[in-house]
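Computed over heavy atoms, backbone and side chain alike; hydrogens, waters and symmetry mates excluded.
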Amino acid sequence: MALENSSAEKNKWEGILSFSSLVLIAANLVPLAGALLLGWSVFLIVFLFWVENLVIGIFNIIKLTLAHGKGSNLAVKIFTVPFFAIHYGGFCAGHCVFILAVFGKWTDADPTGFHNFIRDIFIDEKAIYAVLALFLSHGFSLVYNFILKGERMQADINKLMTAPYSRIVLLH
């Protein structure tokens, strides 16, 4: 019995401390270091969480396309992939407007605010490194877990379709 518990405990920690998990933790240390050591603004940190929603959505589209599990026939994918892209994209766009309004980065009184915001976020090198870390982390997970470890063979289209939405709710 003690051996069984030890084995179960070991398997639990292997899942938590998998190489893929460590890559994700490392990617999330970039904005943490930015906040603690480089003085990144609250807005930039919140916005990076929003950008991660986009990254997750992009990789989820790839997962939906590559899935071979429950409900993954071609006819379902032809409907599901564009529907997800439009629906999730709409949620992300609305959420972006909300973030910009709350942080005062985009107002009717300042029509250049959005242009300046785009320049500040996507040209500023500190944001680029954080976004690159997110892409690398989620890309690694896609290749390592979903493709090489075979998660795509059991991936349920319906579960894939809804999974990213809980993150948006949490971010709200």
Checklist entry - Run the side chain to side chain contact (heavy atoms under 4.5 Å, CB included) check on Val131 and Phe135 step by step: do they pass? => result CA-CA 6 Å; Val131 172; Phe135 263 101; 3.9 Å; yes

Under 3.5 Å: donor-acceptor pair, side chain of [X], backbone of [Y]:
X	Y	result
Tyr88	Asn53	yes
Asn60	Leu160	yes
Ser137	Ala133	no
Lys77	Ala67	yes

Give a yes or no on whether [X] and [Y] share a hydrophobic cluster (residues Ile, Leu, Val, Met, Phe, Trp, Tyr; joining criterion: side-chain heavy atoms under 4.5 Å apart).
X	Y	value
Ile86	Tyr165	no
Ile147	Met153	no
Val76	Phe79	yes
Leu136	Tyr129	no

Can you see which heavy atom on [X] is nearest to which on [Y], and at what distance?
X	Y	answer
Trp50	Cys96	CZ2-CB, 3.3 Å
Phe84	Pro164	CZ-CG, 3.9 Å
Ile99	Phe43	CG2-CE1, 3.9 Å
Ile157	Gly71	CG1-O, 3.2 Å
Pro31	Trp40	CA-CZ3, 3.6 Å
Ala163	Ser166	O-OG, 3.1 Å

Distance (rounded to the nearest 0.5 Å) between [X] [atom1] and [Y] [atom2]:
X	Y	atom1	atom2	result
Ile128	Leu132	CD1	CG	8.5 Å
Leu142	Ile58	CG	CD1	12.0 Å
Ile56	Ile61	CD1	CD1	12.5 Å
Ile78	Thr65	CD1	OG1	11.0 Å
Thr80	Asn73	OG1	CG	8.5 Å
Leu29	Leu36	CG	CG	10.0 Å

Checklist entry - For Ser141 and Phe146, what are the C-alpha separation, side-chain angles and deciding distance, and is it a side chain to side chain contact (heavy atoms under 4.5 Å, CB included)? => result CA-CA 7 Å; Ser141 178; Phe146 198 74; over 6 Å; no

Next on the checklist: Side chains of Ile62 and His138, heavy atoms from C-beta outward: is any pair under 4.5 Å?
Outcome noted: no

Checklist entry - Do the ring centers of Phe49 and His95 come within less than 6.0 Å of each other? => result no

Checklist entry - Mind checking whether Phe91 and His87 have parallel, tilted or perpendicular rings, split at 30° and 60°? => result tilted

